[in-house]
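All heavy atoms count here, side chains included; hydrogens, waters and symmetry mates do not. Note that ligands are numbered from 1 as they come in the structure, with each ligand's atoms numbered from 1 the same way.
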Amino acid sequence: MKVTKGIRNARLTYSAAPPACGILGHQLCVGEGSEKGEEERDCEGRPDGPAHLARDLADERIDPGAENVAEDEEEEHPAADRPPERPFALRVENVARGGRRSFHPALPSPQAGERKRPRPAKSRLAPVSSAPATAPRPDLPPELDDPLFRTALGQLDGALDFADVSDHAAEVLRFPERALAVSVPVHMDDGSLSVFPGYRVQHSSVLGPTKGGIRYDIAVTLGECAALAMWMTWKCALLRLPYGGAKGGIRCDPRALSKHELEGLTRRFTSDLLPVIGPQRDIPAPDMATDEQTMAWMMDTYSMQVGHAVPEIVTGKPLSVGGSVLRPEATGIGVVMVVEGAVGRLGWKLEGARCVVQGFGKVGAVAAHELARRRAQVIAVSDIQGGVHADDGLDLGELDRLHRAGGIAGAEGTRPLTNAEILELPCDILVLAATERQVTEENAPRIAARLVAEGANGPTTLEADEILAERGITVLPDILTNAGGVAVSYFEWVQDIQRLFWTREEIRTRLADLMGDALDRVWTLSESEGLSLRSAALVRSIREVAAALEARGIHP
Ligand code: NAD
């Protein structure tokens, strides 16, 4: 049998992009003098390979690559050069050599008293930290030193200046509680076997079980999942949902896989995640290139393991297995609820507003229809293959048909545009609903929208955010704008647990209440404190989580 390690068709291999194999997290660090300290901590050479991960998780034995990481960091950053005020809570210890080294010194003990951050002198209108997201950060462990995680951390650091929470809480929230890396073997249709890297990262369980999507994409990394998990924590806290954030995914090209292969991939990945997911522990949902069918396979795989149907293990399922009405449309509907609220506060009208939507998937297509329903004019949309533009407004029904048939390119009566061009089209409202890092330092000076709504997660880089702010372009931040999806996921989970289902109207009303309330709180803080909407949203979220963290304390 032919064995291909890596991603079919994409020609990525483990040697080119090795997945971090193991689990990291505060709770898995081994303290001084631990009995477990002498154990082998590397996947390499294990007779059962990555399959040991699940068992090791249960045993809490893994501290991946600790030896090399700690050693490299020690050499590159001798103690005297380390940034003293940027301690790193996720301690990686060189236990295998009998020594114990942290990346950075630990925080002062709680007994030493908690310091509040001094109020900064810098401009509050700077929406985020000015630390460059593009440059590597030696204060991060290598597996987290990813551009998206640097963006998430930069945003957090910028908002912490205004959040007025203790340094202890801030430090805990900087890093994910737990991350699981797995290697997912799949029998391919041609008889070969491929192994795909997969991840699940849980950022914070302070407020409740963790919640977040599963994506299938060629660019999935542990660092990307960590950033998205952190944003999920803020999103849930902002909406006051009893959840923390998580995210996961498999690095693969989903368009190159058959339905049968996708099912095999999903079922095996779910089995690999069993030690860390559960209805009271971590509840997956769809994200990029995953859908109701993916969730039904996950629900079935989990249910087979426990011996009875457990619909509340995932959200975004088909109605037939405990899904909720309005969940498929919830994120796109929520985006437009926030846009409508913002437009009202800005004194504009949505009716007649010229809108551009990047991404015509689960979020973007629904957002485009919702905008059109409110008599806004959708003049351009795009998918991964490119965009279409019609100055008098697009025929969205026709685009739906083309989308189902494989792609919107070439729609009759439209002008083709590249994805780069579509972002720079003059318009009133630009909805970013494709993927992360789309508005960058490079194109931000040419964005010609008055309002940018982040339907996608992390579509604006730190540098671009500052440029848009300087240019007076209002940005509706992702953790607020696309939170409708997790809100209705929460409703689905609640309905599943109580086995009592609500009507579409009830859910739409509850969603409107949650989104409206969150927008109110963000807008009020933004105005009263002179903060950008992103900083205001982050500050609100951080305060919610930090308050719970302070009340619970650090165990043990
Ligand atoms: P999807 O896979 O259904 O749709 C993504 C769309 O973007 C597709 O039309 C795809 O062709 C297009 N696209 C992908 N890469 C692109 C690129 N580089 N340039 C232009 N277009 C590109 O995914 P989705 O569920 O709609 O998610 C989109 C974004 O919204 C992601 O960032 C996701 O994390 C975020 N999000 C989704 C949900 C949800 O409920 N689905 C909730 C919150 C946030």
Below 4.0 angstrom from a heavy atom of [X], which ligand 1 atoms are there? Numbered from 1 as shown, please.
X: Ala433; value: 28 (C)
X: Gln358; value: 19 (N), 20 (C)
X: Met288; value: 2 (O), 23 (O), 27 (O), 31 (C)
X: Thr331; value: 38 (C), 39 (C), 40 (O), 42 (C), 43 (C)
X: Thr435; value: 15 (N), 18 (N)
X: Arg327; value: 40 (O)
X: Phe360; value: 6 (C), 9 (O)
X: Ala456; value: 29 (C), 30 (O), 32 (O), 35 (C)

* **Criterion salt bridge (Lys or Arg N to Asp or Glu O under 4.0 Å) on Asp428 and Arg450, from CA distance to verdict** => CA-CA 5 Å; Asp428 296 306; Arg450 292 201 291 164; 3.3 Å; yes
Give a yes or no answer on whether the side chain of [X] reaches the backbone of [Y] with a donor-acceptor pair at less than 3.5 Å.
X: Asp253; Y: Ile218; answer: no
X: Arg471; Y: Pro445; answer: yes
X: Asp282; Y: Ile277; answer: no

Nearest protein heavy-atom contact for [atom]: which residue, which atom, what distance?
atom: atom 19 (N) of ligand 1; result: Asn419 ND2, 3.4 Å
atom: atom 2 (O) of ligand 1; result: Ala289 N, 3.2 Å
atom: atom 10 (C) of ligand 1; result: Ile384 N, 3.8 Å
atom: atom 1 (P) of ligand 1; result: Lys362 NZ, 3.7 Å

Charged N to carboxylate O below 4.0 Å: is that the case for [X] and [Y]?
X: Arg521; Y: Asp517; value: yes
X: Asp478; Y: Arg534; value: yes
X: Glu263; Y: Lys259; value: no
X: Glu329; Y: Arg508; value: no

* Close approach, Arg215 and ligand 1, non-hydrogen under 4.0 angstrom ->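 It does, in that a heavy atom of Arg215 comes within the 4.0 Å cut-off of ligand 1.
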* To do: Nearest heavy atom to atom 44 (C) of ligand 1 wins, so pick from Ile422, Val363, Asn457, Asp287.
  =>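 Residue with the shortest heavy-atom distance to the ligand atom: Asn457.
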* Nearest non-hydrogen atom to atom 28 (C) of ligand 1 belongs to which of Gly361, Gly386, Gly332, Ala434? ->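 Looking at heavy atoms only, the winner is Ala434.
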* Glu224: which of Arg150, Arg437, Arg215, Arg251 passes salt bridge (charged side-chain N to carboxylate O under 4.0 Å, His left out) ->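 In the set Arg150, Arg437, Arg215, Arg251, the residue that makes a salt bridge (charged side-chain N to carboxylate O under 4.0 Å, His left out) with Glu224 is Arg215.
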* Asked: Are Thr270 and Thr301 linked by a side-chain donor-acceptor pair shorter than 3.5 Å?
  ->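 There is no such pair (donor and acceptor under 3.5 Å, judged by atom type) between the side chains of Thr270 and Thr301.
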* Short N or O distance, Gly485 and ligand 1, threshold 3.5 Å exclusive ->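 Between Gly485 and ligand 1 (N or O atoms, distance only) the closest approach is not under 3.5 Å.
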